[in-house]
Each structure stands twice: as C-alpha cells, then as structure tokens.
Amino acid sequence: MERSQVITGVLMDDDTYEISFSQACETYHIPEEFLIELLEHGFFNEFSAPIHTIHLNLQMIKRIHAARRLQEDLGINLAGVVLAMELVDELENLRDEVNILRHHLK
C-alpha cells in the first residue's frame, strides 16, 4: 500500500517579502561591502535613504546574487556589473513588449 505524504509551505511574493539590509547580508551570505558598493554604483535606483535603513525584497536579492556571479565568475568590475544588469533588464522589458504585441496580433 502506498503511503501519501502531505507537504505544507508558504508561498511568498517576491515584492511583498522584505528584510533589512543587515538581515539580507546575514541570511543570504552577501558581504556588506559588496552590497554597499552596488548601491553606491546605482544598482537599485529607487533607494535614497541611508544604506543601513533600506529593506530588500526577494527579487532584489536574486539580482544581487546575479551581480555577484558576474563579478566573481567573469571578473567584471562593479560599474560593468551594473551596466550588464541594466542591459538584462532592458532585454526582459523588450521581450515582455514583444509578447504583448504578439498577444494583440492573435
């Protein structure tokens, strides 16, 4: 006889779940210096508050990890990382626009 298993969990929206700067660094193993430098290079344009008072959502954490991979794996400097991420964002926006246009043409 097969035994069934029940798994429970909580779904979290990337935009509504937020943690503080220090919690993000500790929980996701992000060096504080790296995150500060990213923010100083304009990685997240929406922050005008002091760095240690900001809160990050899961989408931002994913972007930070992608930025770390670009820097560590490819040896790109922070200004290049910010530019590369901006280009990725623009590409995603263009893909979204193309999908919307395709949907309207059907």
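Just so you know, these numbers come straight off a predicted model, no measurement behind them.
- Scanning for side chain to side chain contact (heavy atoms under 4.5 Å, CB included) contacts around L83 gives E86, L87, with sequence neighbours left out.
- A 4.5 Å side-chain heavy-atom check between Y17 and L58 finds at least one atom pair inside the cut-off.
- Hydrophobic clustering of Ile, Leu, Val, Met, Phe, Trp and Tyr side chains at less than 4.5 Å, counting indirect connections, keeps V98 apart from I100.
- Looking at every heavy atom in both residues, F43 comes nearest to V82 through CD1-CG2, 4.0 Å.
- Identified under the side-chain hydrogen bond (donor to acceptor under 3.5 Å, both in side chains) test for residues 88-101, with sequence neighbours left out: R63-D89.
- Among residues at least two apart or in separate chains, side-chain hydrogen bond (donor to acceptor under 3.5 Å, both in side chains) pairs with a member in residues 64-78 are R68-E72.
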Going by atom type alone, with no hydrogens or angles, which donor-acceptor pairs under 3.5 Å involve a side-chain atom of residues 28-40 and a protein atom two or more places apart or on another chain?
none

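- Between the CZ atom of F21 and the CD1 atom of I54 there is a distance of 6.0 Å, given to the nearest 0.5 Å.
- Not counting sequence neighbours, the partners of Q23 by the side-chain hydrogen bond (donor to acceptor under 3.5 Å, both in side chains) test are S20.
- The shortest heavy-atom contact between I19 and A24 is CD1-CA, 3.4 Å.
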